[in-house]
Amino acid sequence: MRQERRNYSRVLLKITGEGFCTENGFGIDLEQVRFLADEIVECIRTGKEIAVVVGGGNFIRGAITSEKTGLGRATADYMGMLATIINGMALQDTLEALDFETRLMSALTASDVAEPFIRRRCTRHLEKGRIVILVGGTGNPYFTTDTQAALRASEIRADVVLKATKVDGVYSADPMKDPSAERFDTISYQEVLDRKLEIMDSSAVELCARNAIPVLVFSLREKGNLLRALTGEKIGTLITA
Ligand code: UDP
């Protein structure tokens, strides 16, 4: 049965690495990170539980780097996972400067800067109102942080995956290239897969479908959108059964 948007309590927010830099930029832009932090803080203040999965594409995407440079795919993927730790540290520092309690949890061993990801510990942090930042991907090459988001959302029983992107939802075609592309208000997991809509990895969509976790695709570029998405306002595209 198709779900409607809801006022969610525990959410898994996936922020692509591109959210950490200026448009088409590289690396970290601290103004951007502050913007992300402000958005998250606004939601935490309303008592929501938020786990954030951080991408690394502002530094490196394994598949692309491997193809361009000739570096081995697994090596490039590990580099990509390390990049997510850099982004997570920037977000953590920025949130803590605003006086909010955070925990950085990594799937890759990085014990000097992050705790290991332990599911029960993660849910405990959330219950205590800490913002949990999940980095290091799944800890395995050949995956992406979208799959990590679907996996962790399933593990911590999140109500929804909030997938923050550059565009304001799922379109029938790439809206940057095709002006006649139409935006969906809701769409089924199966249709996303059948139409090969490249909004999220197919493995991530499948995992969310199997565990009945809705995915809300929305743009984080506009101020206040995260709270709107969280409280069930009709923004973005809801992917559900
Ligand atoms: N990555 C990986 N395994 C994972 C998650 C990420 O190998 O479980 C690597 C992969 O190379 C990926 C990069 O880390 O391209 C950065 O993650 P992603 O591309 O998902 O970041 P985003 O597109 O969200 O910025």
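We're numbering straight along the sequence, starting at 1. Whatever order the structure lists them in is the order used to number ligands and atoms, beginning at 1.
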Inset, instruction - Start with the C-alpha distance between F26 and F59, add both sets of side-chain angles, then the distance that settles ring pair (Phe, Tyr, Trp, His ring centres under 6.0 Å), and finish with yes or no. - result: CA-CA 6 Å; F26 177 86; F59 286 107; 5.6 Å; yes

Inset, instruction - Output yes when the distance from some N or O of ligand 1 to some N or O of F143 is under 3.5 Å, and no in every other case. - result: yes

Legend entry - Heavy atoms from other residues, nucleotides or ligands near CD of E31 exceed 12 (cutoff 6.0 Å): no

Inset, instruction - Give yes if a backbone or side-chain nitrogen or oxygen of Y78 is under 3.5 Å from a nitrogen or oxygen of ligand 1, and no if not. - result: no

Legend entry - E233/R5 ion pair, N-O < 4.0 Å: no

Inset, instruction - Have a look at ligand 1 and work out which part of N140, if any, has a heavy atom under 4.0 Å from it: side chain, backbone, both or neither. - result: backbone

Inset, instruction - Would you kindly check if the NZ (Lys) or CZ (Arg) of R152 is within the cone defined by 45 degrees around the ring axis of F117 and under 6.0 Å from the six-membered ring centre? - result: yes

Inset, instruction - Report, in ascending order of atom number, the atoms of ligand 1 lying under 4.0 Å from any heavy atom of G137. - result: 4 (C), 5 (C), 8 (O)

Legend entry - Atom CD of E182: over 12 foreign heavy atoms under 6.0 Å: no

Inset, instruction - Starting from atom 12 (C) of ligand 1, locate the nearest protein heavy atom and write down its residue, its atom name and how far away it is, to 0.1 Å. - result: G62 N, 4.0 Å

Inset, instruction - Output yes when the distance from some N or O of ligand 1 to some N or O of I15 is under 3.5 Å, and no in every other case. - result: no

Inset, instruction - May I ask you to list the atoms of ligand 1 that are less than 4.0 angstrom from any heavy atom of G55? - result: 21 (O), 22 (P), 24 (O), 25 (O)

Legend entry - R61/E18 ion pair, N-O < 4.0 Å: yes

Legend entry - Distance from atom 5 (C) of ligand 1 to nearest protein heavy atom, with residue and atom: T144 C, 3.3 Å

Inset, instruction - Identify the protein heavy atom lying closest to atom 7 (O) of ligand 1, giving its residue, its atom name and the separation to 0.1 Å. - result: D77 CB, 3.1 Å

Inset, instruction - Below 4.0 angstrom from a heavy atom of K14, which ligand 1 atoms are there? Numbered from 1 as shown, please. - result: 24 (O)

Legend entry - For ligand 1, the portion of Q148 having any non-hydrogen atom under 4.0 Å away: neither

Legend entry - Within 6.0 angstrom of R6 CZ, more than 12 heavy atoms from elsewhere: yes

Inset, instruction - Indicate yes or no: does R45 engage E42 in a salt bridge with an N to O separation below 4.0 Å. - result: no

Inset, instruction - Using a cut-off of 6.0 Å, state whether more than 12 heavy atoms not belonging to R157 lie near its atom CZ. - result: no

Inset, instruction - Report yes if N58 has an N/O atom closer than 3.5 Å to an N/O atom of ligand 1; otherwise report no. - result: no

Inset, instruction - Find all atoms of ligand 1 within a distance of less than 4.0 Å from any non-hydrogen atom belonging to G57, and give their numbers and elements. - result: 21 (O), 22 (P), 25 (O)

Legend entry - Contacting atoms of ligand 1, where contact means under 4.0 angstrom from a heavy atom of I60: 13 (C), 16 (C)

Inset, instruction - Answer yes or no: is there an ion pair linking D38 with K223, defined by an N-O contact shorter than 4.0 Å? - result: no

Legend entry - Shortest non-hydrogen contact from I28 toward N58: CG1-ND2, 4.1 Å

Legend entry - Protein residue, atom and distance nearest to atom 19 (O) of ligand 1, heavy-atom basis: R61 NE, 3.5 Å

Legend entry - Numbered atoms and elements of ligand 1 in range of T138, under 4.0 angstrom, heavy atoms: 4 (C), 8 (O)

Inset, instruction - Kindly indicate, with the supporting measurements, whether the criterion side-chain hydrogen bond (donor to acceptor under 3.5 Å, both in side chains) is fulfilled by S9 and K48. - result: CA-CA 5 Å; S9 312; K48 304 289 184 185; 5.7 Å; no

Legend entry - R34, CZ: over 12 other non-hydrogen atoms inside 6.0 angstrom: no

Inset, instruction - Could you tell me whether P141 and ligand 1 have an N or O pair separated by under 3.5 Å? - result: no

Inset, instruction - Using a strict 4.0 Å cut-off to heavy atoms of G80, name the atoms of ligand 1 that fall inside it. - result: 13 (C), 14 (O)

Legend entry - Nearest neighbour in protein (non-hydrogen) for atom 21 (O) of ligand 1: G56 N, 3.1 Å

Inset, instruction - Considering the heavy atoms of T16, write down every atom of ligand 1 situated less than 4.0 Å from one of them. - result: 22 (P), 23 (O), 24 (O), 25 (O)

Inset, instruction - May I ask you to check whether T145 has an N/O atom sitting below 3.5 Å from an N/O atom of ligand 1? - result: yes

